[in-house]
Amino acid sequence: MANEEDDPVVQEIKPKQQKVELEMAIDTLNPNYCRSKGEQIALNVDGACADETSTYSSKLMDKQTFCSSQTTSNTSRYAAALYRQGELHLTPLHGILQLRPSFSYLDKADAKHREREAANEAGDSSQDEAEEDVKQITVRFSRPESEQARQRRVQSYEFLQKKHAEEPWVHLHYHGLRDSRSEHERQYLLCQGSSGVENTELVKSPSEYLMMLMPPSQEEEKDKPVAPSNVLSMAQLRTLPLADQIKILMKNVKVMPFANLMSLLGPSVDSVAVLRGIQKVAMLVQGNWVVKSDILYPKDSSSPHSGVPAEVLCRGRDFVMWKFTQSRWVVRKEVAAVTKLCTEDVKDFLEHMAIVRINKGWEFILPYDGEFIKKHPDVVQRQHMLWTGIQAKLEKVYNLVKEAMPKKPDGQSGPVGLVSGDQRVQVAKRQAQQNHALLERELQRRKEQLQASAVLPGVRIKEEPMSEEGEDEEEREAEDEEEPMDTSPGGGLHGGLANGLPAGRAAGDSFNGHPPGSASTVARELRAFVQATFQKQFVLTLSELKRLFNLHLASLPPGHMLFSGISDRMLQDTVLAAGCKQILVPFPPQTAASPDEQKVFALWESGDISDQHRQVLLEIFSKNYRVRRNMIQARLTQECGEDLSKQEVDKVLKDCCVSYGGMWYLKGTVQS
């Protein structure tokens, strides 16, 4: 190309339209110009015949069109600078356009090529036809164009393109760099003030001047993403709230020890606040934190492999996490068989938190963090309650055989390794010796309890076993769970309903091993929970009540008095003392319900007008496992002495029962 000063084009424009086209002449006499290529392009665009509509009238590509594009929507940060005689002159910019070559002539060449091909095909077909066929022509008159149709046509892309093509070119005169007109325009870029005193805005500190020169862009702050998408910038991360920082880190890392999380968040972050935030987005597995499934699989998402909805994926991943709370090893085929998910989905779950070992299975990716377990017992206990609720839900969904939870109060399994046969024998001997010592201590404890009962027969004393190895609260609760529940029919209804506290329980007795002073406070807290729960759900099995209680514990702050340990017997006694009664539902002999699921409790009096109707309904289910609706309605009419409306019967059934297969069952007793 020739020197830029000789190109007879461009002008300085402040366009009102969004698009500007500039046509620049090409120096065809320059030795760098390929004449044959220019002639070929002109021939392809205009054809052999040149007329007024030709793009290149000289049969040579002698011009090039440039089309503008907007580089940025905010130009307040940019200025044109001119340095002269030790002074820097800045002029603000109100618009920036970038010119790029336009290749619209190639589209014209393609259109010409298609026209020539169509003409050749038409000529060949006309030779084969003896005479031209007569075709019927339908004449249509266009309807008057409505205002809405006209507006749509004016705003259409085709109309705008046509209008743009019809716009006439404006001939410009180019002024070179050394031209007097260019020199005159350049003077406007210089500050006209002769004295520095007049420029009062520059009498500022360097930081204030930079703020004036480059003010923060409100648009960019508005468009700034809330969180990094694929690349995690720690500088940007630390500008976010602490809860968002924890969520983003856990979502990216998946599994992390608490110490590593604290090091990433910085030394100035409060560990208590981090503990509070991490429990909202992660679960404790073997002393490490694993991100929750609903964080990775939001509600409306689905599997990229199988299309399974997020709810099923979360359930399957929770099962994998729960298996790792039981052991350090998980077998993929076992997970796939239970969850019924495809191999790719199961593999994704395992890759989040485990490493595959050849001929062994998948091992949890991080070592057991015993230091965190010892340092934060309240958090560990809270997580254990959550895992208990999740375990109950998984057992119900996947029809699992109930397994004993690990003896650690946090529900986490310690490090497990492969042992030989001799090592197993030695471990068995040590366990036998420990069990013998425990049995001796238990025997001594029972003897002391019998002696105390003989001295004070009216007082019931419960002593907790003490051991040097530090037995857990879980073992003591397991002993309480095995105690048979008192179902003496002293205040029962027709022998099918049982109620009342155990005969040996006095008002001032110790409550679940708590001292009498704190026992009353614990009892009040527990009773308040029971009353509030049965006011919402009139019928509950012991299994469902325990699940709701574990969820209630998980919502309490660390160190709450209810974390001291509530046995099943204590929970049942509180239910009976709160005005509820046990319904002895006659389950079928082949039922798969567990003992806790067969213990059904119902609120006997709630204070509303439906109490009598519910009591009659509970009598029916004390003698029948399942009942038809017409039988329930007939019995209600017979006992209440009035014809009940359909709405009243529906309310009673909704409070206490569920329908399955055309039959009605008490809530929690149906076995699908």
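In this text, all values refer to a predicted model and were calculated from it rather than measured experimentally.
In this structure, Q245 and L237 approach most closely via the heavy-atom pair CG-O, 3.2 Å. Of all heavy-atom pairs spanning R84 and H89, the tightest one is O-NE2, 4.5 Å. Heavy-atom minimum distance, D369 versus P257: OD2-CB, 4.3 Å. Considering all non-hydrogen atoms of both residues, F372 and V379 come closest at CZ-CG1, 4.4 Å. Minimum heavy-atom separation, R317 to V291: NH1-O, 2.8 Å. Heavy atoms only, all atoms of each residue included: I26 and M61 are closest at CD1-O, 4.4 Å.
Looking at K59, its side chain never comes within 3.5 Å of a backbone N or O of Y56 through a donor-acceptor pair. In this structure a side-chain-to-backbone donor-acceptor pair under 3.5 Å is present from Q279 to L275. Listed for the R186 side chain is a donor-acceptor partner under 3.5 Å among the backbone atoms of L177. Looking only at distances, no side-chain donor or acceptor of H175 sits under 3.5 Å from a matching main-chain atom of S182. In terms of modelled atom types and a separation under 3.5 Å, the side chain of S327 and the main chain of F324 share no donor-acceptor contact. The main-chain N or O of I248 is found under 3.5 Å from a side-chain atom of N252 such that the two form a donor-acceptor pair. Here the side chain of W387 pairs a donor or acceptor atom with the backbone of L284 at under 3.5 angstrom. A donor-acceptor pair under 3.5 Å is absent between the side-chain atoms of Q383 and the main chain of D378, judged by distance alone. At distances below 3.5 Å, at least one donor-acceptor pair connects side-chain atoms of N44 with backbone N or O atoms of Q40.
The aromatic rings of F349 and Y297 stand perpendicular to each other, their planes meeting at an angle above 60°, with 30° marking the opposite boundary. Note on ring orientation: taking the six-membered ring where Trp is involved, the planes of Y188 and H184 are perpendicular (angle over 60°, cut-offs 30° and 60°).
The structure places CG of D62 at 11.0 Å from CG of D27, a figure rounded to the nearest 0.5 Å. Distance check, rounded to the nearest 0.5 Å: NZ of K37 to CD1 of I41 gives 6.0 Å. In this structure, CD in Q391 is found 13.0 Å from CG in L386, a value given to the nearest 0.5 Å. Here the OG1 atom belonging to T65 is positioned 11.5 Å from the CG atom belonging to L99, to the nearest 0.5 angstrom. Atom CZ of R315 and atom CG of L341 lie 9.0 Å apart (nearest 0.5 Å). Between atom CG of residue L22 and atom CD of residue Q64 there is a gap of 11.5 Å, rounded to the nearest 0.5 Å.
V274 has its side chain out of reach of D270: every pair of non-hydrogen atoms, C-beta onward, lies at least 4.5 Å apart. Looking at heavy atoms from C-beta onward, V335 lies out of side-chain contact with W362 at the 4.5 angstrom threshold. Between V285 and F364, the closest side-chain pair of non-hydrogen atoms falls below 4.5 Å. Side-chain contact check for K63 versus M24: every heavy-atom pair is 4.5 Å or farther apart. Between Q98 and S68, every side-chain heavy-atom pair lies at or beyond the 4.5 Å cut-off. Side-chain contact between Q286 and T325 is absent, with no heavy-atom pair separated by less than 4.5 Å. Annotation: side chain of T343 is in contact with side chain of R332 (closest heavy-atom distance under 4.5 Å).
The number of heavy atoms from other shown groups lying within 6.0 Å of OH (Y78) does not exceed 12. Residue K393 qualifies as open at atom NZ: its count of foreign heavy atoms under 6.0 Å is 12 or below. By the neighbour-count criterion of 12 heavy atoms within 6.0 Å, atom NZ of K247 is sparsely surrounded, having that number or fewer from other residues, nucleotides or ligands. The neighbour count for E21 CD, taken as heavy atoms of other residues, nucleotides or ligands under 6.0 Å away, is above 12. More than 12 non-hydrogen atoms from other residues, nucleotides or ligands lie less than 6.0 angstrom from CD of Q151. Heavy atoms of other residues, nucleotides or ligands lying less than 6.0 angstrom from NZ of K254 number more than 12. Within a 6.0 Å radius of CD in Q148, other residues, nucleotides and ligands contribute 12 heavy atoms or fewer.
Each of R382, M385, H384 was scored for a side-chain contact (heavy atoms from CB on, under 4.5 Å) with N550, with one residue passing: M385.
Contact check on K347 versus E344 returns no salt bridge, with no Lys/Arg side-chain nitrogen under 4.0 Å from an Asp/Glu carboxylate oxygen.
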Below 3.5 Å, can you tabulate the donor-acceptor pairs from side chains in residues 302-311 to any protein atom, sequence neighbours excluded?
from, atom 1, to, atom 2, distance (Å)
S303, OG, H305, N, 3.1
S303, OG, S306, N, 3.2
S303, OG, S306, OG, 3.4
S303, OG, D345, OD1, 2.6
S303, OG, D345, OD2, 3.2
H305, NE2, D348, OD2, 2.8
S306, OG, D345, OD2, 2.7

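Side-chain N/O atoms of S293 and D318 include a donor and acceptor closer than 3.5 Å.
Scored by the salt bridge (charged side-chain N to carboxylate O under 4.0 Å, His left out) test, R150 finds E147 as partners (sequence neighbours excluded).
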